[in-house]
Each structure stands twice: as C-alpha cells, then as structure tokens.
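Shown next, in structure tokens, is the structure this report addresses.
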Amino acid sequence: MHIKIEHISKSFDGKLHIADVSFEARPGFISCLLGQKGAGKSTVLQMLLGILKPDEGYIAFDDKPLNSKILDKIGYLPEERGLYQEFTLNEILVYFARLKHIPRKKAQVEAVRLMDRFNLIDQMETPVCELSEEIQFRVLLLLSIIHNPDVIIFDEPFRVRDDNLVLIRKLITRLREEGKTIILSTEQISEAELLADEITILHRGELILKGQKSALLERFKENIIIVEAEDNLQPLKNIPGVKRIVQEKQVARLYVDKQMLPQKVLEAIIRTVNVSRVEVHKPGLNEIYLEAVEQFERANV
Amino acid sequence: MNRLWIIFSWEISHHLQNTRFWLVTFLSPLLLALMIWVASLYFHANTPQQSQIGYVEFDSTSHFQELTQHLTDSLSDFNSVLLVPINPDTTEQMQQKFAELAELKQELDSLNEAYNKIKERRRYIFQKPDSRSRRNQLSKSYEELLATREQRDLIEIEYTRMKTITDTLVKQAVLKKADSLLAAKEIEGYIVLEKESFKRGIVEFHAAQPINFLHIQPLKQALQVMVVEERMKDEGITVSQIQKLLEPIRIQEILSEGMVKREFKFMVTYLAPVVVIIFLFLALYTSIGFLFNSFASEKVHHILQLLLTHANRFAIIVGKIMGCSVLGFLQIIIWVLLTLILIGIGAFPLEELGFLTVENLGLFLLYYFLGFAFFAMIAAILGISTVSEYDAMRNRQLIRSLLIIPLLLAGFILYSPNSMLVRILSFIPPLSPVFMVLRTPLGQPPLIDYYFSSSVLGISLILGLFLVHRIIKVGSIHRENKTSFKLLMQLLRQQ
C-alpha cells in the first residue's frame with residue numbers, strides 16, 4: 001500500500017505541534033521517522049492511524065483517505081505498551097485478531113502459529129500479568145502482525161532489550177522482504193541507519209530533512225576531519241576548503257568541502273597547529289542528523 | 001456490528017471472571033438482610049421494656065384474667081404492659097383474725113341453717129288442724145325462732161365487724177405490699193379496683209414517678225372495655241351479645257393524593273419499594289463501576305489507543321456499555337430468582353411485592369436502563385480522561401458520589417412523593433432514575449412527569465454519547481493533566 005502524507009499540520013490549544021510535514025511510504029520499503037523525543041513522530045503516526053485528525057493537509061492510502069477497510073490492513077505497535085493483565089496470551093491474540101475481522105478459528109490457528117514462531121507457545125495459556133515485560137513486548141509485536149497487514153506502523157520499536165532488538169530487526173527486515181509498507185519512528189539513529197530505506201527527520205514538529213537514506217548519505221558526502229591539539233584551534237577555520245568548524249574543548253570537527261582533497265587540508269592543519277591527534281571521518285546518519293538539526297536551529301535563530 | 005458484538009462479549013467474559021462481581025451479587029442481599037436484622041434488633045433494644053403494673057382488687061369478683069386478656073387485645077404491636085396481681089404478706093395477727101372470721105362465718109352459716117329449719121318446721125306445724133298441741137308447738141317454735149334469730153343477728157353483727165377489720169387489714173397489707181414494690185421499682189405503678197369502681201367509673205392508679213402515669217393509656221383502653229362489659233352484664237345483655245358489640249374495629253389507612261385515594265400499607269407501599277430501589281442501585285453501582293474501570297484501566301495501561309486501531313469508536317463505546325449493562329441486568333435476574341426461591345419456600349410473603357405490577361415493573365426497567373445509560377456516559381467520559389491510577393481513584397470516588405446523591409435525596413420522596421420540589425428534582429438527569437422509580441409506587445406521579453423525565457434523560461443520553469464519541473480518540477492518547485472540567489473542554493475542542 002502506498003501512503004502519501006501531504007503537508008499535514010496539527011495544533012493543540014493554538015500551539016503548532018506538527019507543521020507542514022510531508023513524506024511517503026511505499027511497499028517493500030522502510031520509512032523511518034527520525035527525531036528526538038517530542039519531535040512529533042508519534043503525533044504523525046496517530047494521524048496516520050486516524051486517532052488524530054490533521055488540521056491541514058491530507059493522508060492517502062493508495063490515493064484513498066483512511067477508512068475502516070484500510071484500517072483493517074494496518075498493524076500497529078504502540079510506543080506505550082500495555083495489555084489486559086488478567087487474560088492469557090492466547091485470549092488476547094484471538095480477541096484482537098477477531099477485531100480485525102479474522103474468523104475465530106482462523107484467528108486461533110494464526111495465534112498458535114505466531115506463538116510458535118516467536119517461542120511463546122509454552123506461555124500461551126499464561127495470564128499476561130505473569131509474563132515478563134520482554135514477553136509482553138513480543139505479544140504486542142504479534143498483535144501488530146497477526147492479521148497479516150499490508151502496512152505496519154512501529155512506534156519506537158527499538159526501545160527494548162537485546163534479545164528483542166535482534167527479533168524486531170529480523171522481523172522488520174522480513175516484512176520488507178514480504179513487500180509490506182513499513183513505517184517506523186525512532187530516536188535511535190543507529191537503528192534507522194541500519195534498517196531504513198527512507199528517512200524523514202523531524203525536529204520540534206517540523207520536517208527538517210527527508211529523502212532516501214542512500215541519497216542523503218551521498219548528499220552529505222563532505223569529509224570531516226577531527227583535530228585534537230593543545231593550541232588555539234580557531235585559526236583552522238581559515239584553512240582553504242574548511243567550510244566550518246565545531247569545537248568542543250580541545251577537539252575540533254572540521255567540515256571540509258567534498259571537492260577538496262583531504263590530504264591538502266591535513267598538511268595545512270599540521271602547519272597551523274601543533275596537533276596531538278588527527279583523523280579523517282566519513283559522515284554517517286548521525287552526522288547528517290546533527291547537521292540538519294544545526295542548520296534548522298541556525299535558520300530559526 | 002461484528003466488532004461491537006466481539007467487544008460486548010469480551011466485556012462480559014472479562015467481568016464475569018472477576019470475583020468482585022459474584023461477591024457483590026451474592027453478598028449484598030445477605031448484607032442488606034443483615035442490616036435490616038441489626039436495625040430491627042436495635043429497634044427492639046430501644047423499645048421500652050415491658051412495664052410491670054400491679055393489680056390490686058378489693059370487694060369484687062376477680063377481674064384479673066379478664067383485664068389481662070383485654071390488655072393483650074388492645075396492645076397489638078408489643079405487649080409493653082404486664083399486669084401483676086399483688087397479694088398481701090399475711091402476719092400472725094391477720095391469720096388469727098382470718099381464723100376468727102372463718103369461725104364466725106361458720107357459726108353464722110349454722111345459725112342461718114338452724115333458723116331456716118325452724119321456719120320450715122313451723123310451716124309444717126301450721127298446716128296441721130287446729131289443736132292445743134298445735135298451738136303449743138307453734139308458740140314454742142316461735143320462741144325458738146326468735147332466740148335463733150336474735151343469736152344469728154348478734155353473730156352477724158360480730159361477723160360484719162370482724163369482716164370489716166380483716167378487710168381493712170388485708171387492704172392495708174395489700175397496699176403496703178404494693179407501695180413497697182413501687183418503692184423498690186419492681187413495678188411502675190398499680191391500679192386499685194373495687195366493686196364501686198364499676199359503678200362510679202373510677203379506678204385508682206398509683207405511681208411513684210410522674211413519667212409512670214404514661215402507662216395509664218394502654219390500661220385505660222382495657223379497663224374501659226371491661227367496665228363497659230360489666231355494665232352491660234348488669235343491664236342483662238348476654239355475653240355473646242357483648243362480644244359482638246365490642247368487636248374491635250380495623251382502621252383502613254387511605255392515602256389521599258389530590259383526587260386519587262388508595263389504601264396505604266407500610267410494607268407494600270413504603271418499605272418494599274425502598275428495598276427494590278436499593279437493589280436497583282446496587283446493580284447500577286456494580287455495572288457503572290465496572291464500566292468506569294474498563295475505560296480507565298484501558299486508558300491508563302495504553303490499551304484504549306491500541307483498541308482504537310482495531311475497532312471504530314461507536315463499537316468500542318456501545319460494546320462496553322452494553323457488556324456492562326448486561327452484568328447489572330444479570331445481577332437483577334439473580335436477585336429476582338433468589339426472591340422467587342424465598343417466596344417458594346414461604347420465607348417471603350408474596351403480597352409484600354404487591355406494588356410490583358407489570359406496569360410498574362416496565363417503568364422500573366425503563367428507568368433502570370435510562371439511568372444506567374446516563375451514568376455510563378459519565379463513567380466513560382471520566383474513564384477516558386483518567387491519566388493515572390491516582391486519578392482513577394479520584395474519578396471513581398466522584399462517580400460513587402454522583403450515584404449516592406439521589407439516594408440521599410430520596411428522603412424528600414418518602415416525605416412527599418409528589419411535592420413541587422420532588423417533581424423538579426425528578427427532571428434532573430442524575431436524580432431522575434431513582435426519583436421516578438421510588439415515586440412510582442409511593443406517589444403515582446402524573447403521566448407528564450414520566451414523559452418529561454424520560455425525555456430529559458433521553459436527550460442527556462444522546463448528548464453524552466456525542467461527548468464520549470468526540471473525546472475518545474484524543475482522550476486515549478492524552479497523558480498530561482489530571483481530570484478536570486478544563487481538560488474535558490480541551491479534549492472536546494481537539495480532534
């Protein structure tokens with residue numbers, strides 16, 4: 001299912017929470033909403049799920065607005081996780097599957113199949129309150145996929161322990177291979193870098209950067225040279241090819257024009273200051289994110 | 001519809017697994033019965049103890065049994081007066097006087113007998129033909145008769161004198177005994193009955209404390225009946241005629257409500273409807289409590305948000321409300337079955353449910369469901385806006401208060417079921433269900449009151465459903481402030 005989010009905005013009590021956000025999610029791709037806590041990722045997902053209504057803009061699923069049939073084809077893993085504590089794992093899975101219009105018998109079969117696949121079959125008749133938090137997370141994961149949805153929305157799926165981290169990575173990869181449309185929101189840049197195909201960076205409710213991960217990495221291909229020295233590092237910004245310098249105590253990060261040869265810049269650095277350490281660094285998503293945020297902050301100042 | 005049914009079934013199974021439901025269902029009638037029992041014990045404990053009234057009777061046939069019977073008949077509720085006959089303590093002097101009196105009585109009786117025999121003999125002699133012998137016999141027997149009569153008269157004077165002395169002694173001794181019992185507070189008072197009492201219509205009542213004169217009232221009625229009976233007997237009226245004439249009356253209590261008048265029976269018209277209201281309230285309390293917990297718990301544990309991605313708002317709201325309403329209705333059915341069992345085994349009189357006509361039953365159920373739906377909307381709104389366990393506790397308390405207020409105000413209905421104040425209060429939605437259900441058997445409200453109160457409730461329901469429907473989505477993700485009117489307004493504005 002192809003999802004188009006076009007210029008959506010959302011205000012609460014006159015305060016703009018989401019401003020003009022647009023992105024797309026396509027089948028067989030992982031779209032990642034990246035941003036710090038409070039960036040507005042969950043609000044966007046809630047608008048996608050129809051829990052909130054955008055004040056402006058629209059969201060289209062295969063060019064259609066959200067309706068109950070489309071909602072049936074969406075799986076959702078919420079950021080805040082909770083389950084009925086007194087019911088068994090099996091009862092909960094069947095209940096939620098039936099709410100997605102899966103007949104009772106099929107829901108039962110599907111629940112058993114998934115519990116087996118996720119090593120939960122031994123706990124199928126155990127009340128949820130007796131299960132660990134990690135197991136409960138797996139149950140929620142199963143709830144998001146038990147009805148074989150076309151679209152799966154994961155809100156902060158990586159906020160888990162190591163065992164489940166491996167499990168969720170595998171699951172997301174597999175779902176992509178199955179051609180599902182996957183939208184995930186996270187503040188963990190490393191996970192986004194590892195899994196995402198499309199990145200949408202949100203900051204303070206605004207879209208500050210978006211595009212395919214590979215294109216973004218290409219766009220921010222400039223070299224970064226990290227210099228550590230006892231001397232004053234400010235003269236380094238006068239070196240030809242250095243676009244800007246970010247200094248933290250005695251360590252400076254020099255952003256070098258991608259047309260400039262690093263070797264020439266290195267020589268100039270050595271001539272300018274008495275370096276104790278110098279290294280050339282290729283920028284990753286983390287640098288791209290920081291750069292984008294910094295540019296946004298600068299523009300807003 | 002399918003989703004609504006799934007949520008409905010889930011809610012029922014969810015709460016039927018809850019032991020609290022079964023405890024409330026089976027323990028509450030027991031607790032209510034226990035409360036009524038304790039209240040009646042308290043009532044009995046505070047009922048004045050049986051008062052002991054002394055009974056002193058002179059110069060007349062003993063009326064003790066008769067008076068006791070009349071007293072029992074006149075005191076229909078509790079036998080608060082016990083009549084105790086007072087007998088004198090006999091001293092040696094009294095015993096000697098009694099012996100002398102008995103001797104004199106014996107002597108008097110034998111003289112009377114002798115006198116009568118002489119008279120008989122003289123009648124026999126008198127019938128004989130006249131002769132000297134006959135005349136001698138008549139003259140002799142006449143002297144004998146005079147001597148016997150003289151002797152008898154003397155003895156009679158002596159007997160009367162002695163009788164007066166002994167009567168006075170007995171009277172003194174009895175009164176002395178009665179006064180000593182009064183002083184020892186063994187009796188609250190004593191009545192003195194004499195032969196003259198029936199003629200003059202005056203009976204003395206002696207008491208040591210002014211408050212004890214309050215015991216006169218129940219005695220007065222019994223004495224009145226007895227004195228009238230005695231007088232009737234003196235007039236030659238037969239006992240069966242007296243019984244017929246003195247047959248007690250039954251006062252029929254007619255409740256007048258404007259033009260409408262109907263018989264008032266405390267149990268049927270007053271107490272039983274109150275008990276029914278308490279049970280309806282308990283059913284309402286249980287189901288509304290479950291509904292609030294359902295919304296609040298799903299909100300606090302982030303399930304509501306997940307549920308909204310699985311079902312539409314209408315199905316969630318109506319499914320939950322219907323599920324919880326069935327729980328309340330199930331409780332009512334269980335209680336009705338228990339009542340039928342009690343009626344079956346004769347432990348509960350069927351006539352006490354006389355007010356439960358088909359019409360009234362229909363009205364009760366209508367107002368029960370309208371009331372449930374109204375409070376369900378409030379429970380849903382508060383449940384959705386709950387942000388924490390602590391907030392849930394506060395909101396639960398608020399709902400309990402809202403449910404209890406109509407019961408607290410129900411006193412107005414008991415006092416005057418169709419007064420203007422009660423009628424106005426009946427049209428306020430939170431009060432309507434309890435007020436109208438209680439007014440129905442107590443006051444038979446005008447038809448317009450039913451139309452108006454049910455319409456107001458119906459409109460409130462639609463408004464409530466609209467509010468719940470509007471806030472459920474935003475409310476499911478709202479986590480910041482505790483429940484307040486301001487927050488509800490915010491939730492209503494946001495979409």
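Chain letters run A, B, ... following the sequence lines, proteins first, then strands; residues in each count from 1.
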Between CD1 on residue I6(B) and NZ on residue K100(A), distance to nearest 0.5 Å: 12.0 Å
Spacing of CD belonging to Q46(A) relative to CD1 belonging to I477(B), to within rounding of 0.5 Å: 3.5 Å
Taking the side chain as every heavy atom from C-beta outward, state whether [X] and [Y] have any pair of such atoms under 4.5 Å apart.
X: I51(A); Y: V474(B); answer: no
X: F96(A); Y: I303(B); answer: yes
X: W10(B); Y: L99(A); answer: no

Derivation and outcome, side chain to side chain contact (heavy atoms under 4.5 Å, CB included), residues K473(B) and L52(A): CA-CA 7 Å; K473(B) 284 191 171 180; L52(A) 292 174; over 6 Å; no
Structural part of S297(B) lying under 4.5 Å from a heavy atom of chain A: neither
Contacting region of I7(B) [heavy-atom separation from chain A under 4.5 Å]: both
Which residues in [range] have any heavy atom lying under 4.5 Å from a heavy atom of chain B?
range: residues 136-155 of chain A; answer: L140(A), L143(A)
range: residues 20-33 of chain A; answer: none
range: residues 110-118 of chain A; answer: none
range: residues 60-94 of chain A; answer: S68(A), L71(A), D72(A), Y76(A), P78(A), E80(A), R81(A), G82(A), L83(A), Y84(A), E86(A), F87(A), E91(A), I92(A)

Neighbour count above 12 (heavy atom, 6.0 Å) for R400(B) CZ: yes
Heavy atoms from other residues, nucleotides or ligands near CD of E134(A) exceed 12 (cutoff 6.0 Å): yes
